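Can you keep this structure in mind? I'll have questions shortly.
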Amino acid sequence: MTAQLIDGNALAKKIRAEVSGRTEALKARGVQPALAVIMVGDDPASEVYTRHKVNDSTETGLAATLERYPADMTEAALLARIRTLNADAAVHGILVQLPIPKHMDTAKVIETISPAKDVDGFHIASAGALMVGQPGFWPCTPYGCMKMLESIGYELRGKNAVVIGRSNIVGKPMAMMLLAKDATVTICHSRTRDLKAFTLQADLVVAAVGKRNVLTADMVKPGAVVIDVGMNRNDEGKLCGDVDFSGVKEVAGWITPVPGGVGPMTRAMLLVNTLEAAERASSPR
Ligand code: GUN
C-alpha cells in the first residue's frame with residue numbers, strides 16, 4: 001500500500017470532543033443545544049440512522065428527541081409539526097429523515113423547515129447560501145469530506161478536482177465547496193463519456209455515486225487524493241464504497257476507507273451543524 005489512510009473515525013472523534021467543549025460553554029450560558037429528529041414510517045435503514053443521530057447527540061451533550069410517526073401520517077400534519085418546531089425557541093435543529101412516504105412532497109417538507117434550523121443543509125436557502133458563499137448550513141457529507149481534506153493539510157487552490165456524482169446532497173454541494181477553495185472542479189456523472197480521461201487528470205477524486213468499483217486503479221493519477229462517499233455491499237455482504245480500495249490504494253497518495261471514512265464524518269458534522277444552529281440562535285448577529 002502506498003496511499004496514506006484518512007481515518008474518519010479518529011477525525012470524527014476529535015470533532016465530537018470539540019463539539020462537547022463548545023456545548024459545555026453554551027450550557028454554561030443557559031443554552032441547551034437541541035435537535036429534533038422526525039421519522040415517518042418504518043424504513044429499517046432510517047431506524048438505524050435516526051438512532052445513531054440521537055445517540056451521537058446525547059453522547060456529545062446535545063439534547064435530541066426522536067419523533068416517530070406512522071407511514072399514513074398526512075402531509076398537512078407533518079408540516080404543522082415542523083411549523084411548531086420552527087416556532088419553538090428550545091429547538092435549534094430540525095431534521096426529517098428521508099425517505100418519507102410517497103404521498104408526501106419531499107421538497108415541500110424540507111422547504112417548511114426554517115433555514116435557521118436546517119441542520120441537514122437540504123433547504124433551498126442552504127443550497128443557495130452555499131452557492132453564493134453566504135453563511136448557512138452545509139450538507140453533512142460534503143462538509144465532512146472538506147474536514148478530511150483540511151485534516152491532511154491539503155491545499156486545494158489550483159488543483160484539479162473531479163466529483164463523480166451530481167446529487168443535491170453530495171455531488172453538487174461538494175463541487176461548490178471545492179470551488180470556494182479555488183479548485184478547478186469537474187462534475188462527472190452517469191452520462192459522462194470517458195470518465196477515466198477526467199479522473200486521470202485529477203489531483204483529487206470524490207466518488208459519490210452509490211455503485212461499486214466506479215473508480216479503479218487504472219483511473220487514478222499516482223499520488224492523487226481519493227475520497228470515497230459510497231456505501232454499498234459487496235458479494236459477501238460486506239460494506240464497501242464506490243472505489244476499488246485494494247487496487248486504488250496502491251496508486252493514490254491518500255485514500256479514505258469504507259467503513260471508517262466518510263460515514264463517521266457525516267455523523268459528526270450533523271453535531272457541528274446543530275451546535276452551530278444553537279450558537280447562532282443564542283448570539284444573533
Ligand atoms: N436519509 C439518508 N441520509 C439522510 C440524511 O443525511 N438526512 C436525512 N434527513 N435523511 C437521510
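Just so it is clear, the structure is predicted and the values come from calculations on it, not from any experiment. Start at 1 and go down the list; that is how both ligands and their atoms are numbered. Values below: every heavy atom of this structure, side chains too, minus hydrogens, waters and symmetry copies. Residue numbers run from 1 in the order of the sequence given.
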Note to self: So for M231, does at least one of its heavy atoms come nearer than 4.0 angstrom to any atom of ligand 1?
What the structure shows: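 Heavy atoms of M231 never come under 4.0 Å of ligand 1.
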Notebook entry, point to check: With a cut-off of 6.0 Å (strictly less than), are more than 12 heavy atoms of other residues, nucleotides or ligands near CG of L239?
Noted result: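 Yes, enclosed.
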Check: Which atoms of ligand 1 have any heavy atom of L95 under 4.0 Å away?
Finding: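 Near L95, the atoms of ligand 1 are 9 (N).
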Check: Nearest protein heavy atom to atom 3 (N) of ligand 1, by residue and atom, and its distance?
Finding: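 Going by distance alone, atom 3 (N) of ligand 1 is nearest to Q97 NE2, 4.1 Å.
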Margin query: Using a 4.0 Å cut-off to any heavy atom of V96, which atoms of ligand 1 qualify?
Written below: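 Matching atoms, with element in brackets: 8 (C), 9 (N).
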Next item on the list: Indicate yes or no: does an N/O atom of P99 lie under 3.5 Å from an N/O atom of ligand 1?
Entry: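 In this structure, P99 places no N or O atom under 3.5 Å from an N or O of ligand 1.
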Check: Is L204 linked to V243 within one hydrophobic cluster, defined over Ile, Leu, Val, Met, Phe, Trp and Tyr using a side-chain heavy-atom separation of less than 4.5 Å?
Finding: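 As far as the 4.5 Å side-chain criterion goes, V243 and L204 are not connected within one cluster.
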Notebook entry, point to check: Which atoms of ligand 1 have any heavy atom of F122 under 4.0 Å away?
Noted result: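 Checking each atom against F122, I get 5 (C), 6 (O), 7 (N), 8 (C), 9 (N).
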Item checked: ligand 1-proximal atoms of L98, by part, heavy-atom distance under 4.0 Å ->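 Both backbone and side chain.
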Margin query: Taking NZ in K181 as the centre, count heavy atoms belonging to other residues, nucleotides or ligands within less than 6.0 Å. Is the count above 12?
Written below: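 For K181, atom NZ is not crowded (no more than 12 foreign heavy atoms under 6.0 Å).
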Next item on the list: For atom 5 (C) of ligand 1, grab the closest protein heavy atom and report residue, atom and distance to one decimal in Å.
Entry: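 Nearest neighbour among protein heavy atoms for atom 5 (C) of ligand 1, to 0.1 Å: K53 NZ, 3.6 Å.
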Note to self: Using the side-chain contact (heavy atoms from CB on, under 4.5 Å) definition, which of the options D43, I169, T106 pairs with L98?
What the structure shows: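 The residue from D43, I169, T106 that satisfies side-chain contact (heavy atoms from CB on, under 4.5 Å) with L98 turns out to be T106.
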Next item on the list: Using a 4.0 Å heavy-atom threshold (strictly under), name the region of I169 that reaches ligand 1: side chain, backbone, both or neither.
Entry: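 Neither; nothing of I169 gets under 4.0 Å from ligand 1.
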Note to self: Any nitrogen or oxygen of Y49, side chain or backbone, less than 3.5 Å from one on ligand 1?
What the structure shows: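 No: no nitrogen or oxygen of Y49 is under 3.5 Å from one in ligand 1.
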Notebook entry, point to check: Would you say the side-chain atoms of N160 pair up with the backbone N or O of D203, donor to acceptor, closer than 3.5 Å?
Noted result: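 Here the side-chain-to-backbone pair does not exist.
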Next item on the list: Report whether L178 and V220 are members of the same hydrophobic cluster (ILVMFWY, side-chain heavy atoms less than 4.5 Å apart, transitive linking).
Entry: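 No, it is not one cluster - the side chains of L178 and V220 are not joined through contacts under 4.5 Å.
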Check: So which heavy atom in the protein is nearest atom 8 (C) of ligand 1, and how far is it from that ligand atom?
Finding: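 Result for atom 8 (C) of ligand 1: D120 OD2, 3.3 Å.
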Checklist line | M73 CE: over 12 foreign heavy atoms closer than 6.0 Å | finding: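 Enclosed: over 12 neighbouring heavy atoms sit under 6.0 Å from CE of M73.
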